[in-house]
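Inspection log for the structure reproduced underneath, given as structure tokens.
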Amino acid sequence: MTNRRRVSSPRSAPRRTGGSRIAAVGTGTFTLAATGLLDGRRATTGRRYIEELARLHPRIDVDPLGTVVEDGPFLTAAGVFGGIDVCLRLLGRDHGPRVADGTSRELLAPLHLRADSVQRTIGREIAESTGLEPTLRWMETRLHLPLTLPDIATHAQTSTSSVTRRFRARTGLSPLQYLLRVRLQEAQRLLRETGTPVEAVAARTGFTSPAALRHHFRALTGTTPRAYRRTHLASGGTRRAPEPPHPA
């Protein structure tokens, strides 16, 4: 377990790094959390320590499902393979899928010739998952719309079976499971940061009714949207005016 004492002068860290990205892997998230830099942001850690991270750092939106979670300049990963995914993701973004694929082959070199087919599959999955980024961003800007699996596959320019396989390789979730998680995360943000009524939060995040939002919200967080908002305000959170609705 990493040292969890608060790091001195935490808020100066982004200035010292010149705005560079900062990543933490596994229990290393506790060290980054101790600086306060993750307050108000999403993060993850090893699955054994999810509850402990949430308990020790209630201002962090701990994602129990994420293998890799990116929020602003901070990336956190659930474990060793998540750490590899962080590195390959950054390589793919900065230098292209060919560099990420080549690096993955170096990291995951087979021990014998018969593993070549497995190696090629890994390389192909990483290269394909890099190409999902535009579709992920597209989905995140259309949460209020009734997106379907064929809609997502069409945007990704592939079949429904292929896009499902690529989503599972990238996120560990199916496309519609990922969409639900992102909708709930946006609902949490609106409840924490704005005075948008719960009914409007449901509409803005693509739920068919406030009851549907409550059902899924309770399944994820164990509480209701209104109770979540009250808890956040009681812990010292701030709330802005309601955000304007999405254009039709």
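Computed from a predicted model, the values in this text were never measured in an experiment.
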Can you list everything that forms a side chain to side chain donor-acceptor pair (under 3.5 Å) with [X]? Sequence neighbours excluded, please.
X: T164; answer: none
X: R98; answer: none
X: T135; answer: H155

Side chain to side chain, [X] and [Y], heavy atoms closer than 4.5 Å:
X: L75; Y: V69; answer: no
X: F74; Y: R42; answer: no
X: R218; Y: T224; answer: yes
X: F217; Y: P225; answer: yes
X: T158; Y: R166; answer: yes

Of the non-hydrogen atoms in [X] and [Y], which two are nearest, and what is the gap between them?
X: S174; Y: R168; answer: CB-NH2, 3.6 Å
X: V201; Y: L191; answer: CG2-CD2, 4.3 Å
X: S20; Y: P73; answer: O-CB, 4.0 Å
X: A78; Y: T44; answer: N-CG2, 3.9 Å
X: V163; Y: A153; answer: CG1-CB, 3.9 Å
X: A43; Y: T76; answer: CA-OG1, 3.3 Å

Give every residue pair that meets the ring pair (Phe, Tyr, Trp, His ring centres under 6.0 Å) criterion with at least one member in residues 179-200, sequence neighbours excluded.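 Of all non-adjacent pairs touching residues 179-200, none passes ring pair (Phe, Tyr, Trp, His ring centres under 6.0 Å).
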List the residues meeting salt bridge (Lys or Arg N to Asp or Glu O under 4.0 Å) with R41, not counting sequence neighbours, and say none if there are none.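 By the salt bridge (Lys or Arg N to Asp or Glu O under 4.0 Å) rule, R41 matches D71.
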Residues that E51 engages under salt bridge (Lys or Arg N to Asp or Glu O under 4.0 Å), provided they are two or more places apart: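 Listed in chain order: nothing, the list is empty.
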Full working for salt bridge (Lys or Arg N to Asp or Glu O under 4.0 Å) between R181 and D63: CA-CA 10 Å; R181 188 178 74 176; D63 187 341; 3.6 Å; yes
Answer yes if the side chains of [X] and [Y] hold a donor-acceptor pair under 3.5 Å, and no otherwise.
X: D151; Y: T154; result: no
X: R170; Y: Y178; result: no
X: S159; Y: S161; result: yes

Distance (rounded to the nearest 0.5 Å) between [X] [atom1] and [Y] [atom2]:
X: L180; Y: F207; atom1: CG; atom2: CZ; result: 5.5 Å
X: L184; Y: T205; atom1: CG; atom2: OG1; result: 7.5 Å
X: F30; Y: L53; atom1: CZ; atom2: CG; result: 4.5 Å
X: R229; Y: T196; atom1: CZ; atom2: OG1; result: 6.5 Å
X: T160; Y: L149; atom1: OG1; atom2: CG; result: 5.0 Å
X: R204; Y: E199; atom1: CZ; atom2: CD; result: 14.0 Å

Could you go through the side chain to side chain contact (heavy atoms under 4.5 Å, CB included) check for L38 and R59 one step at a time? CA-CA 8 Å; L38 294 179; R59 290 184 177 276; over 6 Å; no
Check the surroundings of atom CD in Q157: do more than 12 heavy atoms from other residues, nucleotides or ligands lie under 6.0 Å from it?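 No, not enclosed.
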Quick one: do T171 and L132 satisfy side chain to side chain contact (heavy atoms under 4.5 Å, CB included)? Show the steps, please. CA-CA 10 Å; T171 69; L132 274 181; 5.8 Å; no
Mind running side chain to side chain contact (heavy atoms under 4.5 Å, CB included) on F167 and I152 for me, showing each step along the way? CA-CA 11 Å; F167 261 81; I152 297 169; 4.0 Å; yes
Checking R183 against E186 for the salt bridge (Lys or Arg N to Asp or Glu O under 4.0 Å) test, could you report, in this order, the C-alpha distance in whole Å, the side-chain angles of both residues, the deciding distance, and whether it holds? CA-CA 5 Å; R183 281 174 166 159; E186 176 63 7; over 6 Å; no
Any donor-acceptor N/O pair, T45 side chain to G26 backbone, under 3.5 Å: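 Yes, the answer is positive, given that a donor and an acceptor are paired below the 3.5 Å cut-off.
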Check step by step if side chain to side chain contact (heavy atoms under 4.5 Å, CB included) holds for L32 and L37. CA-CA 7 Å; L32 188 55; L37 292 170; 4.2 Å; yes
What do the steps show when you test R89 against D94 for salt bridge (Lys or Arg N to Asp or Glu O under 4.0 Å), and what is the final call? CA-CA 9 Å; R89 181 181 299 192; D94 293 349; over 6 Å; no
